[in-house]
Amino acid sequence: HEAYLRGLMGEVQRQVQAKMDSQWVSPKTDALRLIHNSMNLLKTIYGIHEHGSRDTLEILLNRDPGSHQLYTDLQKALSFFEMFFYVYQLLVAVDDRFDPQDPVTLDNLDNVAEIMGFSQLGPVRPSARILTHYFEELDHLANLGSQVMEKVDQHLRKITVFNDLIEGRQ
């Protein structure tokens, strides 16, 4: 339990601290892995056995009402990144990443953006609007990941085997 949590926390920490300077956009790598890894951390500390992140979030909303905003924000992030990934793969390509500087990709991304409700706004094309939203959501998701890590860290402080060692009970 503790070793699993500590190992996964390292992965989530790496994902939270990842720089947004890659030339590639990858909802799967940039966001969905962080969300699912965060859910796995929370499932472990709360003893949840459901498999899906959506199911886990529903259970957490009831089991830990003090963190309602965190779980609601994670649901919103999961919905946006899953929908973006799904629509992109459905309309454009099954690749899990793309170059947002490529003109053909931007034309295709305009279609994805319009389907998702990001229309032309003055001189700002739909692809620019959805990419801006994407990176704003990534930034917010990093904050949510940090909040999850804090919850797990608090849990580990309570259950760590090192407490027993320090207090001489082992």
Side-chain angles (χ1 to χ4, degrees), residues 1-22 24-90 96-98 112-113 115-118 129-170:
H1 178 88
E2 182 176 357
Y4 171 76
L5 287 173
R6 290 189 185 282
L8 193 52
M9 278 183 72
E11 177 64 18
V12 170
Q13 183 69 30
R14 186 190 64 72
Q15 291 168 322
V16 163
Q17 293 175 342
K19 301 272 188 252
M20 289 190 271
D21 59 2
S22 171
W24 299 99
V25 169
S26 175
K28 182 178 174 182
T29 302
D30 297 338
L32 294 172
R33 285 188 180 144
L34 173 56
I35 294 168
H36 295 306
N37 286 338
S38 294
M39 291 303 95
N40 287 332
L41 285 169
L42 293 167
K43 283 168 55 170
T44 302
I45 68 172
Y46 286 100
I48 297 170
H49 300 289
E50 278 68 10
H51 294 288
S53 291
R54 289 193 185 286
D55 293 337
T56 299
L57 283 165
E58 285 299 321
I59 291 167
L60 286 168
L61 282 166
N62 293 318
R63 202 172 283 182
D64 182 20
S67 296
H68 184 272
Q69 190 63 53
L70 170 63
Y71 304 137
T72 301
D73 287 352
L74 283 166
Q75 283 179 323
K76 289 176 185 174
L78 179 60
S79 294
F80 172 74
F81 288 111
E82 276 186 337
M83 184 60 69
F84 181 80
F85 190 46
Y86 174 75
V87 173
Y88 181 82
Q89 286 192 320
L90 187 66
D96 65 355
R97 67 183 190 155
F98 61 87
V112 170
I115 286 172
M116 291 185 63
F118 294 87
R129 292 189 61 210
I130 199 168
L131 284 171
T132 299
H133 186 70
Y134 178 92
F135 284 101
E136 288 170 345
E137 284 295 315
L138 272 184
D139 188 49
H140 184 57
L141 182 56
N143 180 287
L144 298 175
S146 294
Q147 290 177 51
V148 169
M149 298 250 311
E150 180 59 33
K151 289 182 82 55
V152 176
D153 188 53
Q154 289 172 5
H155 172 76
L156 284 172
R157 289 175 202 231
K158 293 177 192 170
I159 62 105
T160 183
V161 297
F162 295 112
N163 287 341
D164 290 340
L165 291 173
I166 292 169
E167 294 173 8
R169 290 185 279 188
Q170 282 288 30

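Heads up: numbering here begins at 1 and tracks the sequence.
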Tell me whether Lys151 at atom NZ has more than 12 heavy atoms from other residues, nucleotides or ligands lying less than 6.0 Å away. yes
Residues at least two apart in sequence or cross-chain that pass salt bridge (charged side-chain N to carboxylate O under 4.0 Å, His left out) with Glu82, listed by chain then number, are Arg54
Once rounded to the nearest 0.5 Å, what's the spacing between atom OG of Ser38 and atom CG of Leu8? 8.0 Å
Looking only at atom types and distance, does a side-chain atom of Asp30 sit under 3.5 Å from a main-chain N or O of Ser26, one as donor and one as acceptor? yes
If you look only at pairs with a residue in residues 130-155, which of them pass as a ring-ring contact (aromatic ring centres under 6.0 Å, His included), with sequence neighbours excluded? His1-His155, Phe80-His133, Phe81-Tyr134, Phe84-Tyr134, Phe118-His133
Indicate yes or no for a side-chain donor-acceptor contact from Lys43 to the backbone of Glu50 under 3.5 Å, with no hydrogens or angles considered. yes
Side chain Asp64, main chain Leu60, donor-acceptor under 3.5 Å: no
If you apply the rule side-chain contact (heavy atoms from CB on, under 4.5 Å), what do you find for Arg63 with Ile48, and how did you get there? CA-CA 10 Å; Arg63 202 172 283 182; Ile48 297 170; 3.4 Å; yes
Are Leu131 and Val25 close enough, and set up right, to give a side-chain contact (heavy atoms from CB on, under 4.5 Å), and what steps lead you there? CA-CA 9 Å; Leu131 284 171; Val25 169; 4.1 Å; yes
Verify side-chain contact (heavy atoms from CB on, under 4.5 Å) between Leu78 and Leu32, making sure each step is shown before the conclusion. CA-CA 7 Å; Leu78 179 60; Leu32 294 172; 4.0 Å; yes
Is a donor from one side chain sitting under 3.5 angstrom from an acceptor on the other, for Gln69 and Asp73? yes
Carefully, step by step, assess Thr56 and Ile59 under the rule side-chain contact (heavy atoms from CB on, under 4.5 Å). CA-CA 5 Å; Thr56 299; Ile59 291 167; 5.8 Å; no
Is there side-chain contact between Val16 and Leu141, with at least one heavy-atom pair below 4.5 Å? no
